[in-house]
There are 4 protein chains.
Amino acid sequence: MAVAEPESPTRRRAPRVDAIRNREAIIEAAAEVLAEQGTAVDVREIARRGGVGMGTLYRHFPKKEDLIHTVLRKDFSEWAESARQAAVDAEDPWAALTDFYEQALTGCVHHRAMMEKFALTWADPDLDGLQRLRVVIEELCARATAAELLRPGVTADDLLLLLVSLGHAVQLTDECRPQLWRRSLRISLDGLRADQGEPLPADTAPDSGSRSLRH
Amino acid sequence: MAVAEPESPTRRRAPRVDAIRNREAIIEAAAEVLAEQGTAVDVREIARRGGVGMGTLYRHFPKKEDLIHTVLRKDFSEWAESARQAAVDAEDPWAALTDFYEQALTGCVHHRAMMEKFALTWADPDLDGLQRLRVVIEELCARATAAELLRPGVTADDLLLLLVSLGHAVQLTDECRPQLWRRSLRISLDGLRADQGEPLPADTAPDSGSRSLRH
Amino acid sequence: MAVAEPESPTRRRAPRVDAIRNREAIIEAAAEVLAEQGTAVDVREIARRGGVGMGTLYRHFPKKEDLIHTVLRKDFSEWAESARQAAVDAEDPWAALTDFYEQALTGCVHHRAMMEKFALTWADPDLDGLQRLRVVIEELCARATAAELLRPGVTADDLLLLLVSLGHAVQLTDECRPQLWRRSLRISLDGLRADQGEPLPADTAPDSGSRSLRH
Amino acid sequence: MAVAEPESPTRRRAPRVDAIRNREAIIEAAAEVLAEQGTAVDVREIARRGGVGMGTLYRHFPKKEDLIHTVLRKDFSEWAESARQAAVDAEDPWAALTDFYEQALTGCVHHRAMMEKFALTWADPDLDGLQRLRVVIEELCARATAAELLRPGVTADDLLLLLVSLGHAVQLTDECRPQLWRRSLRISLDGLRADQGEPLPADTAPDSGSRSLRH
DNA sequence: CATGAATGAGCATTCATTCAT
DNA sequence: CATGAATGAATGCTCATTCAT
């Protein structure tokens, strides 16, 4: 157990502890700052709050983008998980959907960078934190469709896009009308119900039923 | 009536032709660039594209903000007007609402700066281009409500927030899934119909029917 | 009165009237502005106040410096003249000196550019407005010396330098201690009196009687 | 006493050596440039002469003003100190006064920015380098007054204003008549002697007697 | 391997001077 | 000959990234 003498031949293990500690400190600080100020923050601010030097930060994350990516992967995962849990706890497939959105939207209010990134990459399966969210949504979609609660033809993409749209709305209204988004959510969810008459338009061909306009 | 012969003794207005041409060139260039890159563009890029020097640009618009404001006021106005016209041309109040959104959302796809500003100021009546949009929406809301087509309790704010949300969605999906937003629009509009059962939650007290969650 | 047909053979006279009027307007405006803000003013401000275009201004004065020079020559002349008059009106040579400084210092309070230029060119005989001032001072110096009122060895340069120094002091104290300079003036004038004991040090050789120090 | 071996276990202070070296280089460069060109210099010029990048300069001094302030505080202090020392070394209170001015005026010849600032803030006790100067002058004034060498009613403000005025004169004459200011100094000092007849005018009401007042 | 100082291209804005109308 | 719009180099300042210690 007397391992880790500084000059032992197998000296590869000791420094890792600090490195990991630092890495976590950076990630935590970055998460805070990115949530507050979005991706436009000064990298110095992250280093400062994490209590590390710029060099350390850049050793772990050679580009600002890398750090953001790492942090957001984590945040997306936690976000997805909390929303998934809310869905799991629900009594029926429809309540699952409702509670999922409630939880997800409530949870994204104060996370500017996450929604920024979500907006830019919602269709991009590479950001794997995002991928988890998509999986959750696909399950919800399948369950509700199977129970014939969801309007026919609704896809996971529809639900994902709804999440981005409302997520945006949530952030916009947070300061001036903090509850307004719940009305939007209700409206959209009602529009997603099985009892809605007409089928949804396809998103590849702008034909049936939708007048395409100008510009 | 015999006024304004080009060579009348008071011909003082002549030199402005060029200036106006330049002003328009700047505005046009700015509109393009702002649409493409948002408000973060380098002022030099605008000057370059407008074919003018920095000084010229700053003569017409003493602050970057002034130029942006001018361009966006114009763009908001045109945007609002085209959407209003679509509504006016519609056969009935519901089609008016539908066509308004169709037109508005189609028209905002390629205008990053406009949606940026819209997001930041949707509740702020100061940007008067925006004000026009609100007026249009208020009329539409009143008409549809009067015709009992709109779900009771729906306000202009709900419709405005829907517009911002979907406008965001439209921009996000423009490159990868250019028609996807039409489905979101249909969903939301269906959710706005009068035949939806429950009343909408108030946006001031988070009580009846809506489980409030965490954070 | 049907003179001045554009194409008449002797078309040289008519425009001159306007040109002169403009020139004067520019000079007057420049005098005001230069007095208020010093030589750092924006040329546009001068054109604006003079009611002329930039082109006109630059036609009359190809460089900002030319305009300043012209204006200050005039202002120096008037300044010199008013001070000279005060001296002329005085009862005796000493009062002439005193009144000269009183008048000159009172008259330079609100003329920033003039004192700026005076500071830079007090020894330069080229600025001929300044030259007039020097002539006045030389006369005063000669008169007071002849009357044996002035300390032996005092030169016009001494008096001129005193004027620059006190002019500077006058402007510095104008807002906070508007009368303080009068005390400085009295002190210096008393120091110039004939009854002062020792001779003044020569300004070419830093030797006799003056401990030269450092640097 | 055995502290501070270079390689002591707590060697955390090392990297600052360079930073300090740079800071000093910046200050030195700034001092030079400010002395030569006044406060209007381009910050880039300072960075260039200091052999550092813009970022380095701005890391040490977040605003141009900060750098100027730092440099001038130092320069004012040194200036005040050297003048004070000259006064201390003098044999009697009057020589102290004389030597003080000699030293101060000799020391300000090549420092444009310092005199610029002195002119603007001579009455403002905030710039604490300046404050030191005032203290020195107050002492000198008190000593000479106590010894009845100084004309009754002379205040520290009079002496300070004399310093600004002559400081200005010194700079003006530096190139063309480098010794001329000594004559002005002699004149003014003689005017400050106790044997001058009349009392000085008050600086608030231009009447009789000399109540010294100020601010 | 950590530190935080250094770098320098990039940005919004100003102003003396020129030139098309 | 007047006008005032156009020009563009220059300025104070920021921030992602690199590098000496």
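Proteins come first, then strands; the chains are lettered A, B, ... in the order of their sequence lines, and each starts at number 1. Scope of the values below: all heavy atoms of this structure, side chains included, with no hydrogens, waters or symmetry mates.
Spacing between atom CD1 of D:Ile68 and atom P of F:dC13 amounts to 9 Å, rounded to whole angstrom units. Atom pair D:Phe61:CZ and F:dG12:C1' shows a separation of 16 Å (rounding to whole Å applied). Rounded to whole Å, atom P of E:dT3 lies 15 Å from atom CZ of A:Arg48. In this structure, A:Glu45 places its CD atom 11 Å from P of F:dA16, rounding to the nearest Å. Straight-line distance from the CZ atom of D:Arg21 to the C1' atom of E:dG4: 17 Å, rounded to whole Å. Taking atom CG of B:Leu67 as the reference point, atom P of E:dA12 lies 11 Å away to the nearest angstrom. As a whole-Å value, the separation of A:Asp18 CG from E:dA2 C1' is 9 Å. Distance CD1 (B:Ile26) to C1' (F:dT7): 12 Å, rounded to an integer number of Å.
Nucleotide E:dC15 has F:dG8 as its partner under the Watson-Crick or G-U criteria, with both atom distances under 3.5 Å. Using Watson-Crick or G-U wobble geometry with both donor-acceptor distances under 3.5 Å, F:dT21 finds its partner in E:dA2.
The side chain of B:Asp42 has E:dA12 as its nearest neighbour among E:dA12, E:dT3, F:dG12. Which of F:dA2, F:dT21, F:dT17 sits closest to the side chain of A:Val43 comes down to F:dT17. Here the side chain of A:Val52 is nearest to one of E:dT3, F:dT3, F:dG12, namely E:dT3.
No hydrogens or angles were tested; on distance alone, nothing pairs the side chain of B:Arg44 with the base of E:dG10 as donor and acceptor under 3.5 Å. Below the 3.5 angstrom threshold, one finds no donor paired with an acceptor across the side chain of C:Arg59 and the base of F:dA2.
A salt bridge between D:Glu24 and D:Arg21 is absent, with no side-chain N of the basic residue lying under 4.0 Å from a carboxylate O of the acidic one. Electrostatic pairing of A:Glu65 and A:Lys117 counts as a salt bridge here, judged by a charged N lying under 4.0 Å from a carboxylate O. Under the 4.0 Å criterion applied to side-chain N and carboxylate O atoms, B:Arg49 and B:Glu36 are assigned as salt-bridge partners.
B:Tyr58 has no side-chain polar atom (N or O) that falls below the 4.0 Å cut-off from OP1 or OP2 of E:dT14.
Residues C:Arg23 and C:Thr70 meet the side-chain proximity criterion, which asks for heavy atoms closer than 4.5 Å.
Where A:Lys63 and C:Leu57 each meet DNA chain F at their nearest nucleotide, the meeting point lying more 5' is that of C:Leu57. Each of D:His60 and B:Thr39 was matched to the nucleotide of DNA chain E holding its nearest heavy atom; the match closer to the 5' end belongs to D:His60. Summary of the strand contacts: B:Gly51 and C:Asn22 both lie near DNA chain F, and taking for each the nucleotide with the nearest heavy atom, the more 5' one is attributed to C:Asn22.
Side-chain polar atoms of B:His111 and B:Asp75 form a donor-acceptor pair below 3.5 angstrom.
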